[in-house]
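This is a predicted model, so every value here is computed, not measured.
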Amino acid sequence: MRVDEKRVANDHQIKLYFTYYDRFWRLHKLLTLRETLRNRDQLQTAFREFYGDGYFDFETLAYLNVTNGLLADAVSEAVMYCEDYLSLLKFVREKLYFVKNTVSYQAGIVTNIASRLRTVSREQAERLFFLPPLEMVQVCFARANAGTAYSSVQGFTEGVNRLIDLHQATVRFYEQHRDAHTQYKHGLKLCLAGLGGKPGDDELQRRRREFSGSVFMLQNKLAKEAAKRGGIIIPDISCDPIRKNVETLFNERNLLHLEAVYAVDIDGLIEMAKGVSHLMNALIRNRIAMIDNQHLHKMEVNLPSANNERMTTMQYVF
């Protein structure tokens, strides 16, 4: 197969892939989780019908275990959204092997991308998101009157800066929370009963009003690893052999302790995911536009707008 044929086939499959792929799915999922949290009273009825009376304390089940599980799911979903974005950031520019690299890749690649791109310059953002250099933008808008040219260049520059801010916030979130996603996949590490027992009245009332809480994971890290992470709670050392041999049990990875992600808020996760959606939107639309316009001697790019309430974009054609 000739290289030029591979390139045409690759471009065709990139466009085909993005007709199938739903880049908003994880944001949809987070919104669905929030609606589930809003309807926990109805969930109690569904649980009672399924399990039968007396099987659980259904109020505790809905507002403790299920709430904690939904919040853990939301954190994991948000981390996976970051992974999706970072993976596409690498593979969407592939000229010959997009399908090969996108559909099957090693997870460690994403970690490397995050560490290399914690911060990006304007020039890097231009390359990453298929944007024209600022100098070219200035030349293109210079044909307009001075006021229009200035505002157009200013709007473009602000859009690029929003992309940079969103990217860096996404990487920070990913690096801070990726371990929580790993624990979520390992279901035996989920501590959905909290610290044990029924929530107190104040906490129960708070959970009725709010969609937030702390997510706890069961851990068996080495003492040094646990100290680095912070948020570590040793649940119970009242047993005399445990108290006498804490260091040995730590070193054998045989001491049960908890690791917490504090103050997980579903609305905060949704807001973060909106930022990832903006990044994905710009990345995908700009890549497809580059394919569509390659023989038309024009460049079409999309940037996130300043409207934080909606998923709106700014479009430029050069």
Under a 3.5 Å distance rule, please check whether Gln183 uses its side chain to pair with a backbone N or O of Asp179 as donor and acceptor. yes
So how far is it from His257 NE2 to Cys191 SG, rounded to the nearest 0.5 Å? 12.5 Å
Reported CG-to-CG distance for the pair Asn65 and Leu190, which is rounded to 0.5 angstrom: 11.5 Å
Is there a donor-acceptor pair under 3.5 Å between the side chain of Ser151 and the backbone N or O of Thr148? yes
From CA spacing to verdict: side-chain contact (heavy atoms from CB on, under 4.5 Å), Val160, Leu134: CA-CA 10 Å; Val160 175; Leu134 182 60; over 6 Å; no
Give every residue pair that meets the side chain to side chain donor-acceptor pair (under 3.5 Å) criterion with at least one member in residues 265-277, sequence neighbours excluded. Arg34-Asp267, Tyr81-Ser277
Pairwise side-chain contact, Val79 with Tyr174, heavy-atom cut-off 4.5 Å (strictly under): yes
For Phe129, does its backbone N or O pair with a side-chain atom of Asn286 as donor and acceptor, under 3.5 Å? yes
Just verifying a value: how many Å separate Leu269 CG and Leu71 CG, rounded to the nearest 0.5 Å? 8.0 Å
Side chains of Leu86 and Lys90, heavy atoms from C-beta outward: is any pair under 4.5 Å? no
Under a 4.5 Å cut-off applied to non-hydrogen side-chain atoms, are Asn281 and Asn302 in contact? no
I need the minimum non-hydrogen distance between Val276 and Cys82, along with the two atoms involved. CG2-SG, 4.4 Å
Let me check something: do Val103 and Tyr97 share a hydrophobic cluster, defined by ILVMFWY side-chain heavy atoms less than 4.5 Å apart, either directly or through other members? no
Keeping to residues at least two apart or across chains, list the ring-ring contact (aromatic ring centres under 6.0 Å, His included) pairs with something in residues 268-316. Phe156-Tyr316
Quick check against the 3.5 Å criterion: does Glu5 have a side-chain atom that pairs as donor or acceptor with the backbone of Arg2? yes
Do Met136 and Val139 touch side chain to side chain, with heavy atoms closer than 4.5 Å? no
Are Leu131 and Glu123 side-chain neighbours, meaning at least one heavy-atom pair lies under 4.5 Å? no
Are more than 12 heavy atoms from other residues, nucleotides or ligands located less than 6.0 Å from atom CZ of Arg310? no
Taking the six-membered ring of Phe130, is the NZ or CZ of Arg93 close enough (under 6.0 Å from the centre) and on axis enough (within 45°)? yes
Measuring only between side-chain heavy atoms, which start at C-beta, is Asn68 closer than 4.5 Å to Val215? no
Separation of Glu158 CD from Leu163 CG (nearest 0.5 Å): 12.5 Å
Greater than 12 external heavy atoms within 6.0 Å of Lys189's NZ: yes
Run the side-chain contact (heavy atoms from CB on, under 4.5 Å) check on Tyr184 and Asp73 step by step: do they pass? CA-CA 7 Å; Tyr184 181 80; Asp73 189 8; 3.2 Å; yes
I would like to know whether Phe211 and Leu33 meet side-chain contact (heavy atoms from CB on, under 4.5 Å); could you show each step before the answer? CA-CA 10 Å; Phe211 309 139; Leu33 291 172; over 6 Å; no
Rounded to the nearest 0.5 Å, what's the gap from OG on Ser121 to CD on Glu126? Could you check? 8.0 Å
Side-chain donor/acceptor of Thr313 to backbone N/O of Ser305, under 3.5 Å: no
Minimum heavy-atom distance Leu64-Ala193, with the two atoms named: CD2-O, 3.6 Å
Between Glu59 and Arg207, is the closest basic N to carboxylate O distance under 4.0 Å? no
Which residue pairs satisfy the side chain to side chain donor-acceptor pair (under 3.5 Å) criterion with at least one member in residues 160-172, sequence neighbours excluded? Tyr85-His167
Contacts of type ring pair (Phe, Tyr, Trp, His ring centres under 6.0 Å), residue Phe58, not counting sequence neighbours: none
Please evaluate residues Glu94 and Lys100 with respect to the criterion side-chain contact (heavy atoms from CB on, under 4.5 Å), reporting the C-alpha separation (whole Å), side-chain torsions for both, the decisive distance (0.1 Å), and the verdict. CA-CA 10 Å; Glu94 176 58 56; Lys100 178 181 179 179; over 6 Å; no
Any link between Tyr262 and Leu192 through a network of hydrophobic side chains (Ile, Leu, Val, Met, Phe, Trp, Tyr) touching at under 4.5 Å? no
Asn307 atom CG, neighbour heavy-atom count above 12 within 6.0 Å: yes
Within the 4.5 Å heavy-atom criterion, are Met80 and Lys185 side-chain neighbours or not? no
Using only atom types and a distance under 3.5 Å, with no angle test, would you say the side chain of Asn251 pairs donor to acceptor with the backbone of Glu247? yes
Work out which heavy atom in Ile14 is nearest to a heavy atom in Val92; give both atom names and the distance. CD1-O, 4.2 Å
How long is the span from the CG atom in Leu16 to the CZ atom in Phe98, to the nearest 0.5 Å? 10.0 Å
What are the two closest heavy atoms between Ile237 and Val246, and how far apart are they? CG2-CG2, 4.4 Å
Describe, in one word, how the ring planes of Tyr21 and Phe18 are oriented to each other, choosing from parallel (under 30°), tilted (30 to 60°) and perpendicular (over 60°). perpendicular
Which residues pass the ring pair (Phe, Tyr, Trp, His ring centres under 6.0 Å) test with Phe56, sequence neighbours left out? Tyr51
Please indicate whether Asp201 has more than 12 foreign heavy atoms, meaning atoms of other residues, nucleotides or ligands, lying under 6.0 Å from its CG. no
So for atom NE2, which belongs to His28, do other residues, nucleotides or ligands contribute more than 12 heavy atoms lying within a distance under 6.0 Å? yes
Derivation of the salt bridge (charged side-chain N to carboxylate O under 4.0 Å, His left out) call for Arg243 and Asp240: CA-CA 5 Å; Arg243 187 168 56 254; Asp240 195 50; 2.7 Å; yes
The residue among Asn220, Thr248, Ile242 that forms side-chain contact (heavy atoms from CB on, under 4.5 Å) with Leu255 is Ile242
Between Leu70 and Leu37, what is the shortest heavy-atom contact and its length? CD1-CD2, 3.6 Å
List the residues meeting ring pair (Phe, Tyr, Trp, His ring centres under 6.0 Å) with Phe47, not counting sequence neighbours, and say none if there are none. none
Is it the case that Asp236 and Ser238 place a side-chain donor and acceptor less than 3.5 Å from each other? yes
Give a yes or no on this: more than 12 heavy atoms of other residues, nucleotides or ligands lie within 6.0 Å of atom OH of Tyr55. no
With the 4.5 Å side-chain cut-off for hydrophobic clustering, are Val264 and Ile266 part of the same group? yes
Answer yes or no: is there an ion pair linking Glu83 with Arg26, defined by an N-O contact shorter than 4.0 Å? no
Carboxylate-amine/guanidinium proximity below 4.0 Å for Arg23 and Asp84: no
In terms of hydrophobic clustering (I, L, V, M, F, W, Y; side-chain heavy atoms under 4.5 Å; direct or indirect links), are Ile164 and Leu128 co-clustered? yes
Verify, without hydrogens or angle tests, whether Gln205 (side chain) and Asp202 (backbone) share a donor-acceptor contact under 3.5 angstrom. no
Heavy-atom side-chain contact between His181 and Val75 under 4.5 Å: no
For the residue pair Ser214 and Ala263, what are the closest heavy atoms and their distance? OG-N, 3.5 Å
